[in-house]
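Below, chain A is the first sequence line, B the second, and so on; all start at residue 1.
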2 protein chains.
Amino acid sequence: MARPLAPRGHGRERVVDAALELFAQHGVSGTSLQMIADHLGVTKAAVYYQFKAKEDIVLAVLEPAFRTMRDFIAEAEAAPSPAESSERAMAGLVDLIIEQRQVVAALFRDPEVQRIVDGHEDFESLVQRLGTLLAGPQPDTRRRVATSVLGAGLAHAGMQPELADIDDAVLREELLHLGRLLWTADPHSSAV
Amino acid sequence: MARPLAPRGHGRERVVDAALELFAQHGVSGTSLQMIADHLGVTKAAVYYQFKAKEDIVLAVLEPAFRTMRDFIAEAEAAPSPAESSERAMAGLVDLIIEQRQVVAALFRDPEVQRIVDGHEDFESLVQRLGTLLAGPQPDTRRRVATSVLGAGLAHAGMQPELADIDDAVLREELLHLGRLLWTADPHSSAV
DNA sequence: GTCTATAGATAGATAGAC
DNA sequence: GTCTATCTATCTATAGAC
(Lines give C-alpha, C1' and ligand atoms only; values in the text may rest on other atoms or scores of the structure.)
Protein backbone atom coordinates (compact mmCIF):
# COMPACT_ATOMS: atom_id res chain seq x y z
CA MET A 1 0.00 0.00 0.00
CA ALA A 2 2.71 2.46 0.99
CA ARG A 3 4.67 4.11 -1.81
CA PRO A 4 8.00 2.33 -1.95
CA LEU A 5 9.92 4.86 -4.04
CA ALA A 6 10.02 8.62 -4.32
CA PRO A 7 8.57 9.35 -0.90
CA ARG A 8 7.74 12.94 -1.89
CA GLY A 9 6.70 14.10 1.58
CA HIS A 10 3.90 16.58 1.95
CA GLY A 11 6.38 19.38 1.37
CA ARG A 12 6.74 18.93 -2.36
CA GLU A 13 3.02 18.67 -2.97
CA ARG A 14 2.35 21.82 -1.03
CA VAL A 15 4.91 23.70 -3.11
CA VAL A 16 3.44 22.36 -6.35
CA ASP A 17 -0.08 23.37 -5.34
CA ALA A 18 0.96 26.87 -4.39
CA ALA A 19 3.07 27.25 -7.53
CA LEU A 20 0.22 26.18 -9.80
CA GLU A 21 -2.13 28.69 -8.27
CA LEU A 22 0.37 31.52 -8.61
CA PHE A 23 1.50 30.50 -12.11
CA ALA A 24 -2.12 30.58 -13.22
CA GLN A 25 -2.55 34.06 -11.80
CA HIS A 26 0.70 35.75 -12.78
CA GLY A 27 2.37 33.44 -15.28
CA VAL A 28 5.65 31.66 -14.61
CA SER A 29 7.89 34.67 -15.24
CA GLY A 30 5.61 36.80 -13.10
CA THR A 31 5.87 34.45 -10.16
CA SER A 32 8.94 34.66 -7.94
CA LEU A 33 10.15 32.06 -5.49
CA GLN A 34 9.55 34.66 -2.83
CA MET A 35 5.86 34.72 -3.75
CA ILE A 36 5.64 30.95 -3.54
CA ALA A 37 7.41 30.94 -0.19
CA ASP A 38 5.21 33.71 1.17
CA HIS A 39 2.10 31.85 0.00
CA LEU A 40 3.23 28.85 2.06
CA GLY A 41 4.37 30.91 5.01
CA VAL A 42 7.95 29.69 4.70
CA THR A 43 11.23 31.10 3.42
CA LYS A 44 12.76 30.77 -0.01
CA ALA A 45 15.37 28.41 1.38
CA ALA A 46 12.64 26.03 2.49
CA VAL A 47 11.37 25.89 -1.08
CA TYR A 48 14.87 25.28 -2.36
CA TYR A 49 15.11 22.30 -0.07
CA GLN A 50 12.32 20.64 -2.08
CA PHE A 51 13.37 21.81 -5.56
CA LYS A 52 16.83 22.77 -6.57
CA ALA A 53 15.64 25.23 -9.23
CA LYS A 54 12.54 27.11 -10.33
CA GLU A 55 12.44 25.16 -13.57
CA ASP A 56 12.06 21.94 -11.59
CA ILE A 57 8.94 23.33 -9.95
CA VAL A 58 7.45 24.05 -13.37
CA LEU A 59 8.23 20.51 -14.49
CA ALA A 60 6.67 19.07 -11.35
CA VAL A 61 3.53 21.11 -11.97
CA LEU A 62 3.31 19.84 -15.55
CA GLU A 63 4.06 16.22 -14.79
CA PRO A 64 0.56 14.90 -13.95
CA ALA A 65 -0.91 16.45 -17.10
CA PHE A 66 1.76 14.90 -19.31
CA ARG A 67 1.36 11.58 -17.58
CA THR A 68 -2.34 11.59 -18.50
CA MET A 69 -1.54 12.72 -22.03
CA ARG A 70 0.89 9.88 -22.56
CA ASP A 71 -1.78 7.34 -21.70
CA PHE A 72 -4.58 8.57 -23.92
CA ILE A 73 -2.23 9.32 -26.80
CA ALA A 74 -1.00 5.73 -26.80
CA GLU A 75 -4.60 4.52 -26.88
CA ALA A 76 -5.56 6.91 -29.64
CA GLU A 77 -2.58 5.92 -31.77
CA ALA A 78 -3.66 2.30 -31.50
CA ALA A 79 -7.11 3.03 -32.92
CA PRO A 80 -7.99 1.31 -36.22
CA SER A 81 -8.72 4.43 -38.30
CA PRO A 82 -7.50 8.05 -38.38
CA ALA A 83 -11.02 9.26 -37.68
CA GLU A 84 -11.25 7.11 -34.59
CA SER A 85 -7.75 8.17 -33.50
CA SER A 86 -8.81 11.77 -33.77
CA GLU A 87 -12.03 11.17 -31.86
CA ARG A 88 -10.22 9.39 -29.03
CA ALA A 89 -7.50 12.00 -28.85
CA MET A 90 -10.11 14.73 -28.63
CA ALA A 91 -12.03 12.92 -25.93
CA GLY A 92 -8.82 12.37 -23.98
CA LEU A 93 -7.89 16.00 -24.32
CA VAL A 94 -11.30 17.16 -23.14
CA ASP A 95 -11.13 14.85 -20.12
CA LEU A 96 -7.68 16.16 -19.30
CA ILE A 97 -8.89 19.74 -19.57
CA ILE A 98 -11.84 19.05 -17.30
CA GLU A 99 -9.82 17.14 -14.72
CA GLN A 100 -6.85 19.47 -14.61
CA ARG A 101 -8.26 22.79 -15.70
CA GLN A 102 -5.61 24.99 -14.19
CA VAL A 103 -2.53 23.12 -15.38
CA VAL A 104 -3.58 22.83 -18.98
CA ALA A 105 -4.94 26.29 -19.49
CA ALA A 106 -2.59 28.33 -17.37
CA LEU A 107 0.65 26.72 -18.36
CA PHE A 108 0.27 25.67 -21.97
CA ARG A 109 -0.02 29.25 -23.08
CA ASP A 110 2.93 30.55 -21.07
CA PRO A 111 6.02 31.37 -23.19
CA GLU A 112 8.32 30.39 -20.34
CA VAL A 113 6.63 26.99 -20.10
CA GLN A 114 6.99 26.59 -23.85
CA ARG A 115 10.71 27.11 -23.48
CA ILE A 116 11.01 24.60 -20.64
CA VAL A 117 8.90 21.99 -22.43
CA ASP A 118 10.95 22.40 -25.60
CA GLY A 119 13.98 21.44 -23.59
CA HIS A 120 12.39 18.17 -22.47
CA GLU A 121 12.27 15.55 -25.20
CA ASP A 122 9.62 13.41 -23.48
CA PHE A 123 7.15 16.24 -23.10
CA GLU A 124 7.79 17.78 -26.49
CA SER A 125 7.20 14.57 -28.42
CA LEU A 126 3.85 14.11 -26.67
CA VAL A 127 2.71 17.54 -27.80
CA GLN A 128 3.67 16.75 -31.38
CA ARG A 129 1.97 13.36 -31.39
CA LEU A 130 -1.21 14.89 -30.02
CA GLY A 131 -1.18 17.54 -32.73
CA THR A 132 -0.86 14.87 -35.42
CA LEU A 133 -3.71 12.85 -33.94
CA LEU A 134 -6.04 15.83 -33.80
CA ALA A 135 -5.31 17.25 -37.24
CA GLY A 136 -5.25 13.83 -38.89
CA PRO A 137 -2.97 12.75 -41.72
CA GLN A 138 -2.28 15.38 -44.40
CA PRO A 139 -4.83 17.92 -43.13
CA ASP A 140 -6.12 20.59 -45.50
CA THR A 141 -6.20 24.26 -44.61
CA ARG A 142 -9.66 24.10 -43.10
CA ARG A 143 -8.70 21.24 -40.85
CA ARG A 144 -5.44 22.88 -39.81
CA VAL A 145 -7.15 26.11 -38.83
CA ALA A 146 -9.94 24.29 -37.02
CA THR A 147 -7.42 22.23 -35.07
CA SER A 148 -5.47 25.30 -34.05
CA VAL A 149 -8.56 27.25 -33.00
CA LEU A 150 -10.01 24.32 -31.14
CA GLY A 151 -6.83 23.31 -29.35
CA ALA A 152 -6.30 26.73 -27.90
CA GLY A 153 -9.99 27.41 -27.38
CA LEU A 154 -10.69 24.25 -25.42
CA ALA A 155 -7.73 24.76 -23.13
CA HIS A 156 -8.76 28.34 -22.54
CA ALA A 157 -12.35 27.45 -21.73
CA GLY A 158 -11.15 25.10 -19.02
CA MET A 159 -9.71 27.92 -16.98
CA GLN A 160 -12.11 30.79 -17.67
CA PRO A 161 -13.36 32.09 -14.31
CA GLU A 162 -16.57 33.10 -16.11
CA LEU A 163 -17.32 29.44 -16.84
CA ALA A 164 -16.43 28.18 -13.38
CA ASP A 165 -20.12 27.89 -12.46
CA ILE A 166 -20.71 25.25 -15.14
CA ASP A 167 -20.79 21.68 -13.90
CA ASP A 168 -17.83 19.54 -14.98
CA ALA A 169 -20.01 16.96 -16.73
CA VAL A 170 -21.92 19.64 -18.62
CA LEU A 171 -18.79 21.49 -19.65
CA ARG A 172 -17.28 18.23 -20.82
CA GLU A 173 -20.24 17.51 -23.09
CA GLU A 174 -20.21 21.02 -24.48
CA LEU A 175 -16.52 20.86 -25.31
CA LEU A 176 -16.95 17.48 -26.97
CA HIS A 177 -19.84 18.91 -28.95
CA LEU A 178 -17.72 21.79 -30.17
CA GLY A 179 -14.89 19.44 -31.06
CA ARG A 180 -17.09 17.23 -33.21
CA LEU A 181 -18.72 20.26 -34.78
CA LEU A 182 -15.42 21.76 -35.88
CA TRP A 183 -13.73 18.57 -36.94
CA THR A 184 -16.54 17.06 -38.90
CA ALA A 185 -17.76 20.27 -40.48
CA ASP A 186 -19.00 20.00 -44.05
CA PRO A 187 -16.37 21.78 -46.17
CA HIS A 188 -19.11 23.28 -48.34
CA SER A 189 -21.36 24.48 -45.59
CA SER A 190 -21.45 28.16 -44.70
CA ALA A 191 -18.06 29.43 -45.81
CA VAL A 192 -18.37 32.62 -47.82
CA MET B 1 -1.04 65.16 -45.28
CA ALA B 2 1.48 65.68 -42.48
CA ARG B 3 0.48 64.61 -39.00
CA PRO B 4 -0.38 67.80 -37.15
CA LEU B 5 -0.53 66.45 -33.60
CA ALA B 6 1.36 63.86 -31.58
CA PRO B 7 4.55 63.95 -33.63
CA ARG B 8 5.68 60.60 -32.20
CA GLY B 9 9.13 60.60 -33.77
CA HIS B 10 10.57 57.43 -35.18
CA GLY B 11 12.00 56.60 -31.78
CA ARG B 12 8.74 55.62 -30.13
CA GLU B 13 7.61 53.48 -33.02
CA ARG B 14 10.88 51.59 -33.08
CA VAL B 15 10.56 50.83 -29.38
CA VAL B 16 6.95 49.67 -29.80
CA ASP B 17 7.88 47.38 -32.70
CA ALA B 18 10.75 45.81 -30.81
CA ALA B 19 8.67 45.45 -27.66
CA LEU B 20 5.83 43.73 -29.49
CA GLU B 21 8.18 41.21 -31.03
CA LEU B 22 9.82 40.42 -27.69
CA PHE B 23 6.53 40.38 -25.75
CA ALA B 24 5.18 37.84 -28.24
CA GLN B 25 8.23 35.65 -27.76
CA HIS B 26 8.79 35.86 -24.01
CA GLY B 27 5.69 37.44 -22.55
CA VAL B 28 5.66 40.85 -20.87
CA SER B 29 7.10 39.67 -17.56
CA GLY B 30 9.75 37.70 -19.41
CA THR B 31 10.87 40.77 -21.35
CA SER B 32 13.21 43.23 -19.67
CA LEU B 33 13.94 46.78 -20.74
CA GLN B 34 17.49 45.61 -21.27
CA MET B 35 16.30 43.13 -23.87
CA ILE B 36 14.33 45.83 -25.67
CA ALA B 37 17.31 48.17 -25.61
CA ASP B 38 19.68 45.46 -26.85
CA HIS B 39 17.26 44.61 -29.66
CA LEU B 40 17.43 48.22 -30.80
CA GLY B 41 21.16 48.58 -30.23
CA VAL B 42 20.69 51.34 -27.67
CA THR B 43 20.87 51.63 -23.90
CA LYS B 44 18.08 51.33 -21.38
CA ALA B 45 18.24 55.06 -20.74
CA ALA B 46 17.45 55.70 -24.40
CA VAL B 47 14.28 53.65 -24.04
CA TYR B 48 13.33 55.53 -20.89
CA TYR B 49 13.63 58.74 -22.81
CA GLN B 50 10.69 57.59 -24.96
CA PHE B 51 8.60 55.95 -22.23
CA LYS B 52 8.77 56.77 -18.58
CA ALA B 53 7.79 53.24 -17.48
CA LYS B 54 7.54 49.71 -18.81
CA GLU B 55 3.77 49.77 -18.36
CA ASP B 56 3.56 52.68 -20.77
CA ILE B 57 5.28 50.60 -23.44
CA VAL B 58 2.67 47.87 -22.98
CA LEU B 59 -0.11 50.43 -23.32
CA ALA B 60 1.47 51.87 -26.45
CA VAL B 61 1.68 48.38 -27.95
CA LEU B 62 -1.99 47.74 -27.20
CA GLU B 63 -3.28 51.09 -28.35
CA PRO B 64 -3.79 50.45 -32.09
CA ALA B 65 -5.69 47.23 -31.40
CA PHE B 66 -8.01 48.96 -28.96
CA ARG B 67 -8.50 51.86 -31.31
CA THR B 68 -9.72 49.42 -33.97
CA MET B 69 -11.89 47.62 -31.42
CA ARG B 70 -13.58 50.80 -30.36
CA ASP B 71 -14.65 51.53 -33.92
CA PHE B 72 -16.16 48.17 -34.85
CA ILE B 73 -17.76 47.77 -31.44
CA ALA B 74 -19.61 51.04 -31.87
CA GLU B 75 -20.83 49.90 -35.27
CA ALA B 76 -21.89 46.51 -33.98
CA GLU B 77 -23.79 48.03 -31.09
CA ALA B 78 -25.73 50.17 -33.53
CA ALA B 79 -26.94 47.14 -35.50
CA PRO B 80 -30.73 46.57 -35.57
CA SER B 81 -30.78 43.07 -34.07
CA PRO B 82 -28.68 41.08 -31.57
CA ALA B 83 -27.89 38.52 -34.25
CA GLU B 84 -26.58 41.21 -36.54
CA SER B 85 -24.65 42.82 -33.71
CA SER B 86 -22.99 39.52 -33.02
CA GLU B 87 -22.19 38.92 -36.67
CA ARG B 88 -20.64 42.38 -37.06
CA ALA B 89 -18.65 42.06 -33.85
CA MET B 90 -17.30 38.72 -34.97
CA ALA B 91 -16.34 40.05 -38.39
CA GLY B 92 -14.64 43.02 -36.77
CA LEU B 93 -12.76 40.77 -34.41
CA VAL B 94 -11.60 38.51 -37.21
CA ASP B 95 -10.39 41.49 -39.22
CA LEU B 96 -8.54 42.80 -36.19
CA ILE B 97 -6.92 39.42 -35.63
CA ILE B 98 -5.82 39.19 -39.25
CA GLU B 99 -4.51 42.74 -39.41
CA GLN B 100 -2.73 42.73 -36.09
CA ARG B 101 -1.98 39.10 -35.45
CA GLN B 102 0.80 39.58 -32.99
CA VAL B 103 -0.78 42.17 -30.75
CA VAL B 104 -4.04 40.36 -30.24
CA ALA B 105 -2.70 36.87 -29.77
CA ALA B 106 0.46 37.54 -27.86
CA LEU B 107 -0.81 40.14 -25.46
CA PHE B 108 -4.42 39.27 -24.74
CA ARG B 109 -3.44 36.06 -23.05
CA ASP B 110 -0.63 37.52 -20.94
CA PRO B 111 -1.48 37.80 -17.22
CA GLU B 112 0.61 40.95 -16.89
CA VAL B 113 -1.31 42.57 -19.75
CA GLN B 114 -4.56 41.54 -18.10
CA ARG B 115 -3.46 43.39 -14.98
CA ILE B 116 -2.50 46.51 -16.90
CA VAL B 117 -5.71 46.52 -18.96
CA ASP B 118 -7.80 46.08 -15.83
CA GLY B 119 -6.28 49.28 -14.54
CA HIS B 120 -7.40 51.22 -17.62
CA GLU B 121 -11.09 51.96 -17.69
CA ASP B 122 -11.23 52.72 -21.42
CA PHE B 123 -9.66 49.44 -22.47
CA GLU B 124 -11.50 47.33 -19.95
CA SER B 125 -14.95 48.54 -20.94
CA LEU B 126 -14.21 47.73 -24.58
CA VAL B 127 -13.37 44.15 -23.67
CA GLN B 128 -16.62 43.82 -21.76
CA ARG B 129 -18.74 45.32 -24.51
CA LEU B 130 -17.18 42.99 -27.05
CA GLY B 131 -17.93 40.00 -24.85
CA THR B 132 -21.58 41.02 -24.59
CA LEU B 133 -21.85 41.49 -28.33
CA LEU B 134 -20.39 38.09 -29.10
CA ALA B 135 -22.31 36.09 -26.53
CA GLY B 136 -25.57 37.94 -27.18
CA PRO B 137 -28.21 38.85 -24.61
CA GLN B 138 -28.84 36.23 -21.92
CA PRO B 139 -26.73 33.49 -23.50
CA ASP B 140 -27.36 29.88 -22.51
CA THR B 141 -24.59 27.51 -21.46
CA ARG B 142 -23.90 26.32 -24.99
CA ARG B 143 -23.50 29.85 -26.24
CA ARG B 144 -21.33 30.89 -23.34
CA VAL B 145 -18.94 27.97 -23.83
CA ALA B 146 -18.84 28.48 -27.59
CA THR B 147 -18.05 32.17 -27.15
CA SER B 148 -15.25 31.43 -24.73
CA VAL B 149 -13.71 28.73 -26.89
CA LEU B 150 -14.01 30.80 -30.02
CA GLY B 151 -12.69 34.02 -28.54
CA ALA B 152 -9.50 32.41 -27.30
CA GLY B 153 -9.19 30.07 -30.27
CA LEU B 154 -9.43 32.77 -32.92
CA ALA B 155 -6.87 34.96 -31.20
CA HIS B 156 -4.53 32.02 -30.84
CA ALA B 157 -4.84 30.99 -34.48
CA GLY B 158 -3.76 34.46 -35.52
CA MET B 159 -0.34 34.03 -34.01
CA GLN B 160 0.39 30.33 -34.57
CA PRO B 161 3.69 30.06 -36.43
CA GLU B 162 2.36 26.82 -37.94
CA LEU B 163 -0.39 28.77 -39.73
CA ALA B 164 1.89 31.57 -40.91
CA ASP B 165 1.98 30.12 -44.43
CA ILE B 166 -1.75 30.63 -44.89
CA ASP B 167 -2.74 33.67 -46.89
CA ASP B 168 -4.42 36.44 -44.90
CA ALA B 169 -7.59 36.39 -47.02
CA VAL B 170 -7.91 32.63 -46.74
CA LEU B 171 -7.31 32.62 -43.00
CA ARG B 172 -9.88 35.35 -42.61
CA GLU B 173 -12.55 33.30 -44.41
CA GLU B 174 -11.71 30.20 -42.41
CA LEU B 175 -11.99 32.05 -39.10
CA LEU B 176 -15.31 33.59 -40.14
CA HIS B 177 -16.51 30.15 -41.14
CA LEU B 178 -15.62 28.73 -37.75
CA GLY B 179 -17.28 31.65 -36.01
CA ARG B 180 -20.58 31.17 -37.85
CA LEU B 181 -20.39 27.42 -37.34
CA LEU B 182 -20.05 27.71 -33.58
CA TRP B 183 -22.49 30.51 -33.05
CA THR B 184 -25.30 29.28 -35.18
CA ALA B 185 -25.01 25.61 -34.26
CA ASP B 186 -28.26 23.73 -33.92
CA PRO B 187 -28.66 23.06 -30.18
CA HIS B 188 -29.97 19.56 -30.87
CA SER B 189 -27.34 18.49 -33.36
CA SER B 190 -24.58 16.14 -32.30
CA ALA B 191 -24.31 16.71 -28.56
CA VAL B 192 -24.21 13.40 -26.70
C1' DG C 1 18.49 62.42 -28.08
C1' DT C 2 21.75 59.22 -26.43
C1' DC C 3 25.03 58.23 -23.31
C1' DT C 4 27.52 56.66 -18.41
C1' DA C 5 26.79 55.78 -13.95
C1' DT C 6 24.27 54.34 -10.37
C1' DA C 7 20.50 53.92 -7.07
C1' DG C 8 17.37 50.77 -4.70
C1' DA C 9 14.89 46.68 -4.95
C1' DT C 10 14.41 42.07 -6.01
C1' DA C 11 15.60 38.01 -8.68
C1' DG C 12 17.40 32.98 -8.35
C1' DA C 13 20.43 30.39 -5.76
C1' DT C 14 23.85 28.76 -1.94
C1' DA C 15 26.15 27.95 2.72
C1' DG C 16 25.84 26.69 7.02
C1' DA C 17 23.60 27.22 11.83
C1' DC C 18 20.04 24.92 14.40
C1' DG D 1 13.53 20.16 7.53
C1' DT D 2 13.49 24.98 8.27
C1' DC D 3 15.90 28.81 9.36
C1' DT D 4 19.29 33.34 8.83
C1' DA D 5 22.43 35.37 6.14
C1' DT D 6 24.42 36.29 2.06
C1' DC D 7 26.05 36.00 -2.84
C1' DT D 8 25.78 37.52 -7.53
C1' DA D 9 23.08 39.02 -11.18
C1' DT D 10 19.50 41.53 -12.88
C1' DC D 11 15.52 44.32 -12.54
C1' DT D 12 13.09 49.09 -13.11
C1' DA D 13 14.08 53.67 -12.87
C1' DT D 14 16.69 58.16 -12.22
C1' DA D 15 20.37 61.80 -12.51
C1' DG D 16 23.23 64.23 -15.05
C1' DA D 17 27.22 64.54 -18.62
C1' DC D 18 27.70 65.18 -23.55
Side-chain angles (χ1 to χ4, degrees), chain A residues 2-3 5-62 107 110-117 119-120, chain B residues 3 6-62 107 110-117 119-120:
Chain A
R3 227 179 258 143
L5 285 180
R8 96 161 91 176
H10 322 92
R12 279 179 75 94
E13 281 183 66
R14 286 188 67 223
V15 172
V16 168
D17 289 347
L20 173 54
E21 189 181 328
L22 292 168
F23 288 164
Q25 265 177 55
H26 310 104
V28 171
S29 290
T31 302
S32 68
L33 290 173
Q34 188 70 70
M35 289 164 72
I36 296 174
D38 288 349
H39 197 86
L40 293 170
V42 300
T43 62
K44 274 191 294 181
V47 176
Y48 270 105
Y49 173 76
Q50 309 283 1
F51 296 94
K52 76 173 209 286
K54 187 183 183 181
E55 182 160 329
D56 291 335
I57 302 179
V58 177
L59 289 172
V61 168
L62 292 175
L107 297 185
D110 189 306
E112 181 67 7
V113 174
Q114 215 86 21
R115 195 187 60 76
I116 293 173
V117 168
H120 263 250
Chain B
R3 228 180 256 142
R8 96 161 91 176
H10 321 94
R12 277 180 76 95
E13 280 184 66
R14 286 188 67 223
V15 171
V16 168
D17 288 347
L20 173 54
E21 188 181 328
L22 292 168
F23 289 164
Q25 264 177 55
H26 309 103
V28 171
S29 290
T31 302
S32 68
L33 290 173
Q34 187 70 71
M35 290 164 72
I36 297 173
D38 288 349
H39 197 86
L40 293 171
V42 300
T43 62
K44 278 188 294 180
V47 175
Y48 270 105
Y49 172 76
Q50 309 282 1
F51 296 94
K52 75 173 211 286
K54 186 182 182 181
E55 183 161 329
D56 291 336
I57 302 180
V58 177
L59 290 172
V61 168
L62 293 175
L107 296 185
D110 188 306
E112 181 68 7
V113 174
Q114 216 85 22
R115 195 187 61 76
I116 293 173
V117 168
H120 263 250

Side-chain donor-acceptor contacts of residues 33-40 of chain A below 3.5 Å, not counting sequence neighbours, with atom names and distances?
residue: A/Gln34; atom: NE2; partner: A/Asp38; partner atom: OD1; Å: 3.2

*Excluding sequence neighbours, so at least two apart, what forms side chain to side chain donor-acceptor pair (under 3.5 Å) with B/Gln114?*
none
_Which atom of A/Ala60 lies closest to which atom of A/Phe51, heavy atoms considered_ = CB-CE2, 3.7 Å
_Protein within reach of the bases, or only the backbone? For nucleotides 2-18 of chain D, mark each nucleotide 5' to 3' as B, S or -, using heavy atoms under 4.0 Å._
BBB------SBBBB---
For residues 15-28 of chain A, dump all side-chain donor-acceptor pairs below 3.5 Å to protein atoms at least two apart in sequence or in another chain.
residue: A/His26; atom: ND1; partner: A/Leu22; partner atom: O; Å: 3.4

_Of all pairs that satisfy salt bridge (charged side-chain N to carboxylate O under 4.0 Å, His left out), the ones with a partner from residues 40-52 of chain B, not counting sequence neighbours_ = B/Lys52-B/Asp56
